[in-house]
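Counting convention: from 1, in listed order, for ligands and their atoms alike. Since the model is a prediction, treat every value here as computed from it, not as a measurement. Excluded from the calculations below are hydrogen atoms, water molecules and symmetry mates; all remaining heavy atoms, backbone and side chain alike, are included. Residue numbers count from 1 along this sequence.
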Amino acid sequence: MRFSQIANACLAACTLTSAAVVPAEIEKRATSTTSRVADAACTNGPTSRACWKNGYSIATDFDQKFPTTGKTVSQSLTLTNGTCNPDGNGQRLCLLVNGVYPGPTIRAAWGDTLSVTVTNNMQDNGTSIHWHGVRQFNSPGSDGVNGITECPLAPGQTKTYTFKVTQFGTSWYHAHYSSQYGDGVIGPIVFDGPAAANYDEDLGPYVLSDWYYRTAYQINSIASINLAAGGPPPNADNILINGTNKNKNGGGSYNQVKITSGKKYRLRLINMSVDNYIRVSLDNHALQVMTSDFIPVKPFYVNTLLIGIGQRYDVVINANQTAGNYWFRANVATDCLSGNNFYGRAVWSYSSVTAGTPTSTAYTDGQGCIEPAQAAPYWVQPVPSGSFQQSISALDVGLTKAQIVPNGDAIIVWAINTSSINLMWDRPTLKYLMEGNTSYPTAYNVVPTVNAGSWNYVVVQMLPQTPPVPHPFHLHGHDFFLLGQGSGTFDAGSASLNWATPPRRDTATVPGGGWLFIAFNSNNPGTWLMHCHIAWHVSEGLGMQFLESPSQIQLPDQGQFQSQCKGWEDYYSTAYWKKDDSGI
Ligand code: C2O
């Protein structure tokens, strides 16, 4: 049966229930050699979330094919210095987006064009805004990484980031200027599209973030001093849920959610922390997971869910328990060596009862600092294993000494293949490309990818004698295939690797003292940062960039690019704060 017939049959006969999502044939992925498309009559609704419209569905792999709606969604984000007091502990300095923390949700539909105008009205802070997980197909200049894809945006200046929404699901935006995002420059992204499980209502983004009573810049420098002494960074003071929580002395207020018996709710979980893995659960209610990062998965149920920094999971929650009040819990994952002084809580109440303090009991299962083993890919795509040993990039993660501070001192930093990334804000990689200059500084950690259409195989290996902390590795410009993870030293002969049905996502964990093995296809010309998403670690140099098909790269408008750089140089020559880390 062809896909269109299946889709028609399904419209007529099968209700797409959450347990049996879609017929097996629909789950097969569209590949470059086959193009399975949904029937145009397939209409998205509460019992047919796998459908979308105009020939697109959950079966469409968006790397291969995506709609064009012709619509441009415009949004303005203005960044300011301000104060905030999210948990009642007291006011502190925050960097706000449109006056709020976390920033407003950016919402568009699959196939739209987004045009986001960012105005930097902060004092003493340059910025660049990254749209985490967004592929930036043909728009690498909108990736928002100062020192790679643009010069920082100086205070008082405005930049418009324009890119096509080729994906669907949940993500976030954040500043990529040192550890700035920890002070507030974050917000959710929702791209409407089909979904792998059915639900009645979308509760929208659920932002999880660690929170410190000192600023991120302060904690970052303490973390750097501690690293040199072999110690961990400071604990977070709290965990916030959609920007609120009580504090450990009782002030502040919980996030509150109302649900109605008999309904199914989609919740978009996003870990926007700077340093903490977070494990979530809702008492008495299993979570039906249907995406990991932007990628649909075959729906599965868990009681507790570990979310690495930068990762997202969309889950469905069935309001089928005794009407009452239940705790939503967001605890730092101590098995990932995350640490905090208090925990995240929210109150979920059935609409038929009076909202009050829950007395519900926590699930106790869930251990191990690794992505959930149940996450089977929805789009099954094998990765060729034939010649991978010839085209493997071995990226060894360890500590080294390097000069990244302005006074010329060498300090202990994180490094990949002994090189700690250190970018010059006013010499972004794309500027080198514009000038036809291929003499990238060593500290830019530029690694060329293989030719267009071929597979890149990457082993990220923690060296022995480095602190055994897990690192959530994130790749820009691509989803990658997760071929394996393990402890100790990677050995292609003995490692258990999944070539046939590897999960796909944009952020995955290098286990402490272990390895992560991923692959991605060279299908997106650009220069793509890969880094540990622990803000302190990338600030301390734990990153590199893949330079992909340089002659094919669609460079941004040079006039605008250069005038932003000029604006930055003018500002920076007299700026009070100078760069004292990797820059990202
Ligand atoms: Cu959330 Cu470099 O990215």
Ring-face cation contact, F66 with K164, 6.0 Å cut, 45° max: no

Mind checking whether Y161 and E150 have side chains closer than 4.5 Å, heavy atoms only? yes

Any Lys/Arg nitrogen of D237 or R214 sitting under 4.0 Å from an Asp/Glu carboxylate oxygen of the other? no

Output yes when E435 and R427 qualify as a salt bridge under the 4.0 Å nitrogen-oxygen rule, no when they do not. yes

For atom 1 (Cu) of ligand 1, decide whether [X] has an N, O or S atom at a distance under 2.8 Å.
X	value
H533	yes
H474	no
H132	yes

Would H130 count as a contact for atom 2 (Cu) of ligand 1, in the sense that one of its N, O or S atoms lies under 2.8 Å from it? no

Which atom, counting only N, O or S, brings H174 closest to atom 1 (Cu) of ligand 1? NE2

Aromatic ring pairing Y432/Y440, orientation class (parallel under 30°, perpendicular over 60°, tilted between): tilted

